[in-house]
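What follows is a single structure, written as structure tokens, with notes after it.
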Amino acid sequence: MKLITVITFLPLLGAFALFFHGLFWSSRGTPKEKLDEQYRWITLFFTVVTFAASLLILTGFDRSIAAPQLVEKHSWIGALGVQYYVGVDGISLWLVILTTFLMPLSVLASWHVSKRVREFMLFMLVLETGMIGVFVSFDMFLFYLFFEITLIPMYFLIGVWGGERRIYAAIKFFIYTVVGSLLMLIAIIAVYLYNGGNSFDIVEITNNIATGRTVIPGGVKFWLWMAFALAFFIKVPLWPLHTWLPDAHVEAPTAGSIILAGVLLKMGTYGLMRFNLPFFPDISQKAAPWVMAFAVIGIIYGALVAMVQPDMKKLVAYSSVSHLGFVVMGIFAFTETGMQGALYQMLAHGISTGALFMCVGMIYERRHTRLIEDFGGVATPMPQYSTMFLIISLSSLGLPLLNGFIGEFLILIGTFSSTVPYAKMFAVLGATGVILSAVYLLWMLQRVLFGQVTKRENAELEDMDLREKLGLIPLVIMAIIMGVLPMFFLQSSEKSVNSVREAVMGKPEKVAVKILQD
Amino acid sequence: MLKWIILAPLIGAIINGLVGKRLNERLIGLIACASVAVSTALAFIVFFTQLLPLPAEKRVITEHFFTWLSVGNFRADFAYMLDPLSGVYILFITGVGLLIHIYATGYMHGDPGFYRFFTYLNLFMFMMLTLVLADNLLVLFVGWEGVGLCSYLLIGYYIDRKEAGDAAKKAFVTNRVGDFGYMIAMFMVFVTFGSISFVAKDGVPGFLEQAATRPVEAFGVFGIMTGIALLLFVGATGKSAQIPLFVWLPDAMAGPTPVSALIHAATMVTAGVYLTARCSAVVVKSPTAMAVIAVIGAATAIFAATIGLAQNDIKKVLAYSTVSQLGYMFLACGVGAFTAGIFHVMTHAFFKALLFLGSGSVIHGMHEEQDIRKMGGLRKYMPITFATMMAGWLAISGFPLLSGFFSKDEILWQTWATGALPGGWGKALWGVAALTALLTAVYMTRMMVLTFFGKERFGAGHDAHHAAGHDEGHGHHGKPHESPASMWIPLAVLAVLSIVGGLVGIPKALGGSNHFEHFLEPVIARVQTADNGHAVEPAEAAPAAVATAAPAHPAEEVHDTSTELALTGLSVLLGFLGIGIGFGIFNRNPLKKMPTLLENKYYVDEFYDAAVIGPIEHTSRDLLWKVVDVRIIDGFVNGVARLFAGLSDLLRFTQTGYARNYAAVILIGAIIVISYFGYIAAR
């Protein structure tokens with residue numbers, strides 16, 4: 001059993017531990033409050049250990065290799081050629097660490113959950129295994145399995161611990177994503193069959209397609225691309241498939257929102273890079289202007305709709321639609337800058353948006369409302385909180401030297417220098433998102449944090465306590481580190497991202513200076 | 001060494017930001033001022049001992065700090081470049097910055113957010129120095145956005161005042177509109193030249209060097225250089241408050257006065273001029289862009305000056321004056337006189353910082369009163385403030401031999417004699433600029449008269465205000481008072497600079513040798529005329545024969561001294577005339593009603609609200625969200641869900657639960673399958 005396997009299943013082990021711990025001690029009459037406290041600590045323990053273990057990947061990771069590393073590969077269902085094949089490459093490396101990093105913080109953010117604590121924490125841990133599994137699987141079958149596993153705990157987290165309209169939101173979330181993943185299942189089987197019906201190995205299939213050993217017939221290709229793409233576009237979500245997101249976010253508990261925005265959405269963009277581009281390079285190229293068009297609409301539309309939301313959580317949810325639009329645009333630019341930027345934006349968005357949801361959660365816990373109009377002047381009673389909230393908002397709106405800028409900038413310059421038709425126009429349109437994100441975030445801050453305290457309930461709000469600081473400060477620090485030292489992260493992903501890019505574009509990017517025609 | 005000039009204030013900001021809350025005022029002030037003092041000392045040392053001794057054409061010092069981004073072909077280093085242009089900037093930024101830091105320790109005394117204020121102020125110094133020392137467009141942009149952030153934080157410094165928060169947001173968002181242009185320009189530079197660096201990197205020459213080799217685009221042609229130049233200028237209009245993005249600067253006066261002096265007068269707002277001068281190699285390739293810059297500059301200058309005539313808040317008068325003076329600087333850039341523009345940036349930094357700090361001293365002495373209608377006769381109470389502000393007032397009005405006189409006069413003359421624009425344009429723009437000079441003298445005189453001369457108009461209201469217990473700790477005599485030494489000493493220093501600061505650039509016509517211009521010349525591109533037939537028409541009146549294909553520098557090849565002297569005399573006359581008019585009208589009738597249109601600033605804010613902000617908000621809420629999202633997309637999704645629910649209801653009838661029905665279905669199915677295979681086989 002190797003490191004990646006350990007990291008993947010440690011949270012599941014934690015889930016078992018929770019289960020048996022509860023079974024054993026509740027039968028011995030331990031009071032509920034005490035048990036609940038123990039569940040929280042056990043979960044925190046397992047998530048922290050998982051995070052620590054995931055950092056070990058960095059010590060063994062070779063930046064000069066594009067292929068999966070720290071690989072563990074066994075035959076699993078021999079008759080079908082299913083393998084247990086896990087590892088990390090430059091694309092998944094930081095996504096795995098992002099996941100393990102966000103989990104302990106989410107646990108801290110849900111410390112005050114008092115309803116069915118054991119089940120809540122159990123689902124969180126199962127979810128973590130599922131998410132890590134998605135990013136480390138290099139076997140399509142395994143990938144699909146993990147992809148689906150994440151649905152179930154999330155469904156319950158929203159449906160049981162959610163807000164008032166939780167059932168509607170949970171079902172909407174479930175149906176939307178299930179529709180997508182069923183399409184993907186069909187596509188996976190089809191690709192498997194075209195590849196000879198003996199392997200689900202993603203690396204192998206990618207190579208076979210690149211070398212022409214496996215040929216997917218023209219007529220089918222588009223539909224298979226579409227099946228994969230729809231599954232991922234829903235997950236991202238790409239406009240106009242996004243309407244499940246605001247509902248799911250608004251109803252989900254804080255931890256659910258953090259994970260949903262921080263990690264689950266990235267499974268969509270990750271899938272696009274892992275499947276659509278290398279499996280269907282020509283279709284991806286042809287589709288690129290269309291995909292970019294939808295992405296740009298998402299950037300602007302998401303920002304505009306975010307601007308007028310009365311509910312802070314919904315505002316952040318729509319801002320995700322906008323930010324993920326950038327990611328999709330960068331991926332389909334097929335330039336190194338664009339795709340590296342897209343990957344970076346995934347990480348940065350995970351940090352910033354996770355932190356934004358945490359901030360919203362903190363004042364929700366105090367006031368049991370998320371409506372912007374119920375606040376005002378919060379900076380006076382809560383100065384530390386307001387400082388953090390401000391820094392995180394600035395990182396989200398892409399201020400240089402904070403994490404959000406790097407991704408956005410690389411995506412935009414990558415798109416602008418892309419050879420995809422109309423890419424320059426899309427980059428210019430997308431850049432308006434830079435203006436709009438400042439509008440919606442600063443406007444929200446202005447109404448929530450600044451000015452006179454208008455409501456008496458807000459005058460006595462307590463500033464962050466130690467637990468909340470422990471949850472939020474690591475994110476703020478990461479936002480700064482990622483903004484100042486981006487190469488530390490980008491160097492690890494360079495080779496793998498370029499291999500995907502070359503799978504689409506065929507040859508290395510022209511180094512020569514391209515003179516723009518007048 | 002260069003990096004320590006930049007990092008020293010950052011260290012100050014970090015210390016004060018993290019532990020300032022637990023320190024006392026004196027220590028906080030000491031940390032803040034000391035960090036800037038280190039920066040200032042280093043800047044002067046590097047400038048005078050390292051940069052100046054170099055031969056004129058080789059005055060560049062570079063320093064690599066670390067590679068920030070290197071992805072694909074794109075590369076941006078945190079690397080710094082000191083050349084004459086950035087040299088001039090760091091000197092006045094650190095110098096004026098230090099004075100304002102010292103002033104602020106007095107001005108902000110007793111404020112509960114003292115440490116926060118100095119954290120932001122130090123952070124600003126870091127960002128501003130990053131901006132001017134950056135060796136590429138992206139790191140310049142880091143500073144560019146960074147100063148915008150600090151401006152945001154400092155305008156909104158009084159967090160419990162709504163108007164401060166609104167002004168802060170407006171400043172940031174308006175600047176972002178400009179930044180949008182800057183970013184697109186940067187992208188175009190990258191795809192055109194393969195580099196965004198000002199200096200050569202890895203064998204790729206810097207883009208300015210490459211740009212210098214490209215042909216001049218004919219007037220009226222929108223080529224790539226025109227595009228880049230104009231988009232950079234869009235960025236500049238945001239940061240430097242030009243039409244149409246000037247609206248944030250007057251509101252920005254909601255911040256503490258030292259901030260207005262440092263950020264919104266002396267340094268940050270001139271970043272746009274810096275950018276234009278820095279990229280002069282690109283700008284001069286596009287006569288179209290130059291014309292746009294010149295016209296916008298001149299238009300902003302006169303437009304803001306007229307508004308300045310009718311403002312009653314002392315800081316608002318100065319704010320519109322700043323907008324107007326920035327217009328002059330862009331006018332200079334647009335007519336190809338970049339060095340004159342930079343000269344004016346520097347002298348303006350002196351006299352405008354002085355005027356703002358002086359106004360802060362007045363506000364302080366008047367116990368937070370900003371309305372000049374409620375002042376009057378203050379020279380008796382605040383002699384030092386009055387004397388120093390007088391220097392600033394005369395300097396901006398163009399009083400002979402003071403700093404503003406030289407720089408403004410240089411701009412006026414270069415505008416008249418420009419070879420960069422089609423014939424006649426220079427004269428017309430000169431007319432606008434000269435009229436603005438007159439207006440400047442009028443509104444500044446009005447401000448001075450209302451504040452310092454005439455009858456005292458604060459009497460009862462002031463006493464009541466004071467009796468209400470406002471401003472504890474400012475001394476308890478009911479009258480205005482002079483400010484403490486920490487405040488008036490910087491005023492005195494700036495007053496001296498405002499008086500003598502122009503002597504570095506005495507033009508030849510007046511017997512000087514214009515050191516300033518010669519110093520900057522190597523890094524500023526010369527205006528070239530189009531070499532493709534669309535040559536610039538010769539200027540008629542001034543025989544500045546610049547229409548030749550050879551590069552020519554306006555007003556240098558031909559020393560038309562008599563015209564220059566005549567124009568100088570005229571502008572001196574205009575200055576005196578303005579002062580005279582100001583005294584004539586406002587000394588007799590200080591509360592003279594000004595035109596409503598001007599008082600309301602031409603209703604520009606109202607127009608933007610109605611034409612831009614309102615419609616966007618309305619569309620977003622009532623169309624995109626409530627119709628597209630909720631009705632159309634979700635309506636469709638929920639409709640599909642209902643459809644399936646209906647279908648399942650139908651299908652439910654097939655699930656009868658009787659074994660014989662199922663058996664029948666199986667039978668039918670089997671028959672179909674068998675006959676299908678039978679059909680295949682038979683074929």
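Chain identifiers are assigned alphabetically (A, B, ...) following the order of the sequence lines, protein sequences preceding nucleic acid strands; residue numbering begins at 1 within each chain.
- Of the listed residues A:Leu397, A:Asp247, A:Leu445, the one with more heavy-atom pairs under 4.5 angstrom with chain B than any other is A:Leu397.
- Atom CZ of A:Arg63 sits in a crowded spot, with more than 12 heavy atoms from other residues, nucleotides or ligands closer than 6.0 Å.
- Interface remark: B:Leu149 contributes side-chain atoms only to the contact with chain A (heavy atom separation under 4.5 Å).
- Looking at A:Tyr440, there are no atoms closer than 4.5 Å to chain B (heavy atoms on both sides), in backbone or side chain.
- Less than 6.0 angstrom separates the ring centroid of A:Tyr301 from the ring centroid of A:His242.
- Between chain B and the options A:Leu401, A:Thr380, A:Leu394, A:Leu485, the largest number of non-hydrogen pairs under 4.5 Å is found for A:Leu401.
- The residue among A:Leu449, A:Val428, A:Val439 with the most heavy atom pairs within less than 4.5 Å of chain B is A:Val428.
- In terms of heavy-atom pairs under 4.5 angstrom with chain A, the leader among B:Asn638, B:Asp629, B:Val628, B:Ile632 is B:Asp629.
- Heavy atoms from other residues, nucleotides or ligands lying under 6.0 Å from NZ of B:Lys3 number more than 12.
- Here the closest non-hydrogen pair linking A:Ile406 and B:Trp68 is CD1-CZ2, 3.5 Å.
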Discussion item. Pair A:Lys172, A:Tyr168 - check side-chain hydrogen bond (donor to acceptor under 3.5 Å, both in side chains), show working.
Written reply: CA-CA 6 Å; A:Lys172 198 166 168 186; A:Tyr168 172 73; 3.2 Å; yes
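- In this structure, the ring of B:Phe187 has its center less than 6.0 angstrom from the ring center of A:Phe416.
- Taking B:Glu617, B:Glu163, B:Met186, B:Arg161 one by one and counting their heavy-atom pairs under 4.5 Å with chain A, the maximum is reached by B:Glu617.
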Practice prompt. Might you work through the side chain to side chain contact (heavy atoms under 4.5 Å, CB included) test for A:Asp311 and A:Val250, ending with a clear yes or no?
Written response: CA-CA 8 Å; A:Asp311 181 318; A:Val250 167; 4.2 Å; yes
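- Annotation: maximal heavy-atom pairing with chain A below 4.5 Å, among B:Asn175, B:Leu153, B:Leu623, B:Ile184, occurs at B:Ile184.
- Only the side chain of A:Gln446 comes within contact range of chain B, with heavy atoms under 4.5 Å apart.
- With a 4.5 angstrom heavy-atom cutoff, A:Met307 touches chain B only via side-chain atoms.
- In this structure, the portions of A:Val484 lying under 4.5 Å from any heavy atom of chain B include both its backbone and its side chain.
- No part of A:Thr387 comes within reach of chain B, as not one of its non-hydrogen atoms sits under 4.5 angstrom from that chain.
- A donor-acceptor contact under 3.5 angstrom links the side chains of B:Thr226 and B:Glu217, judged on distance only.
- Of the N and O atoms on the side chains of A:Tyr176 and A:Thr243, at least one donor lies less than 3.5 Å from an acceptor on the other residue.
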Discussion item. Before you tell me yes or no, could you show the steps for A:Tyr318 and A:Gln309 under side chain to side chain contact (heavy atoms under 4.5 Å, CB included), namely the whole-Å CA-CA distance, both residues' side-chain angles and the distance that decides it to 0.1 Å?
Written reply: CA-CA 9 Å; A:Tyr318 276 106; A:Gln309 293 305 313; 3.7 Å; yes
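- Among the candidates A:Val497, A:Thr432, A:Val453, the residue making the largest number of heavy-atom pairs closer than 4.5 Å to chain B is A:Thr432.
- Of the atoms belonging to A:Leu412, heavy atoms from both backbone and side chain fall under 4.5 Å from chain B.
- By number of non-hydrogen pairs under 4.5 angstrom with chain A, the leading residue of B:Tyr158, B:Tyr152, B:Phe78 is B:Tyr152.
- In this pair, A:Trp244 and A:Phe173 present their aromatic rings tilted. The plane angle is within the 30 to 60° band.
- Here the closest heavy-atom approach between residue B:Ala167 and residue B:Ala252 is recorded as CB-N, 4.5 Å.
- Contacts of A:Leu410 with chain B are made by side-chain atoms alone, with heavy-atom separations under 4.5 Å and no backbone atom involved.
- Residue A:Leu436: no heavy atom, backbone or side chain, is found under 4.5 Å from chain B.
- Looking at A:Trp239, only its side chain comes within 4.5 Å of chain B, counting heavy atoms on both sides.
- Of the candidates B:Phe141, B:Tyr182, B:Phe74, B:Phe190, B:Phe74 is the only one forming a ring-ring contact (aromatic ring centres under 6.0 Å, His included) with A:Phe409.
- For chain A, the option among B:Ile616, B:Asp166, B:Asp179, B:Thr67 with the highest count of heavy-atom pairs below 4.5 Å is B:Asp166.
- The greatest number of non-hydrogen atom pairs below 4.5 Å with chain A, out of B:Glu145, B:Met183, B:Lys162, is found for B:Glu145.
- Looking at B:Val637, the atoms closer than 4.5 Å to chain A (heavy atoms on both sides) all sit in the side chain, from C-beta outward.
- In this structure, chain B has a heavy atom under 4.5 Å from the side chain of A:Leu490, while its backbone stays farther away.
- Interface remark: A:Ile171 contributes no atoms to any contact with chain B (heavy atom separation under 4.5 Å).
- Contacts of A:Ser437 with chain B are made by side-chain atoms alone, with heavy-atom separations under 4.5 Å and no backbone atom involved.
- Between B:Arg116 and B:Asp111 there is no salt bridge, since none of the side-chain N atoms of the basic residue sits less than 4.0 Å from a carboxylate O of the acidic one.
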